[in-house]
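Quick note: residue numbers are just sequence positions, from 1.
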Amino acid sequence: MFAVVVQEKGDATRVRGSGEHVAANVLPQVKQVPGIVSATWTTDEDGRTLNVLVFENEEAARMAVDRIRTAQRPPFMQVETVELRQVLAHF
């Protein structure tokens, strides 16, 4: 398995308040991505996010990296990093 780890930053109040939007709009789209195993979206009090998307294989993860980098985001959000990593263990 492989993971795509995404770090973003944005307006803290708006990011912390975006959970319903992520659950209603982003999550259903991600569930349809080929090879997806799981995904978690997190944020801190400063409006930084750390999101981990786990895929069945490297090919599926690499395809997702391109989509993630070019995905449209709200104007108050910006991508900091998108990394591909091998998963050593998962449950």
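- A 6.0 Å sphere centred on CD of E59 holds no more than 12 heavy atoms belonging to other residues, nucleotides or ligands.
- The CG atom of L50 sits 10.5 Å away from the CD atom of E80 when rounded to the nearest 0.5 Å.
- When hydrophobic clusters are built by joining Ile, Leu, Val, Met, Phe, Trp and Tyr residues whose side-chain heavy atoms come closer than 4.5 Å, directly or via intermediates, V4 is grouped together with F2.
- Between L53 and F55 there is a side-chain heavy-atom pair separated by less than 4.5 Å.
- Nearest heavy-atom pair, V30 versus I36, reported as atom, atom and distance to 0.1 Å: O-CG2, 3.5 Å.
- Considering only heavy atoms from C-beta on, T13 stays 4.5 Å or farther from F76 through its side chain.
- Between G47 and V15 the shortest heavy-atom distance is O-CG2, 3.8 Å.
- Inter-residue side-chain proximity for V26 and W41 is flagged as met; some heavy-atom pair is nearer than 4.5 Å.
- A 6.0 Å sphere centred on CD of E83 holds more than 12 heavy atoms belonging to other residues, nucleotides or ligands.
- Here CE of M1 is found 7.5 Å from OG of S38. Values are rounded to the nearest 0.5 Å.
- Counting only heavy atoms from C-beta outward, the side chains of E58 and L84 approach each other to under 4.5 Å.
- Residue V52 is grouped with residue V37 when hydrophobic side chains (ILVMFWY) are merged at heavy-atom distances under 4.5 angstrom, including chains of intermediate members.
- In terms of heavy atoms, P28 sits closest to V22 at CD-O, 4.3 Å.
- R16 places a side-chain N or O within 3.5 Å of a backbone atom of E45 that can act as its donor or acceptor partner.
- Residues P34 and A60 come closest through the heavy atom pair O-CB, 3.6 Å.
- In terms of heavy atoms, V87 sits closest to H90 at CG1-CB, 3.9 Å.
- Taken to the nearest 0.5 Å, the CG atom of D46 stands 11.5 Å off from the CG atom of D11.
- When atom types are taken as modelled, the side chain of N51 and the backbone of T42 share a donor-acceptor pair closer than 3.5 angstrom.
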Next item on the list: Please lay out, stage by stage, how E8 and R48 fare under the test salt bridge (charged side-chain N to carboxylate O under 4.0 Å, His left out).
Entry: CA-CA 6 Å; E8 300 167 299; R48 293 181 309 233; over 6 Å; no
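- The backbone N or O of A71 lies less than 3.5 Å from a partner atom in the side chain of R73, making a donor-acceptor pair.
- Residues R85 and V5 share a closest heavy-atom pair of CD-CG2, 4.0 Å.
- At a threshold of 4.5 Å between non-hydrogen side-chain atoms, the residues R67 and V33 count as touching.
- In the displayed structure, M63 atom CE is contacted under 6.0 Å by at most 12 heavy atoms of other residues, nucleotides or ligands.
- By the 4.5 Å heavy-atom criterion applied to side chains, K9 and Q78 are counted as neighbours.
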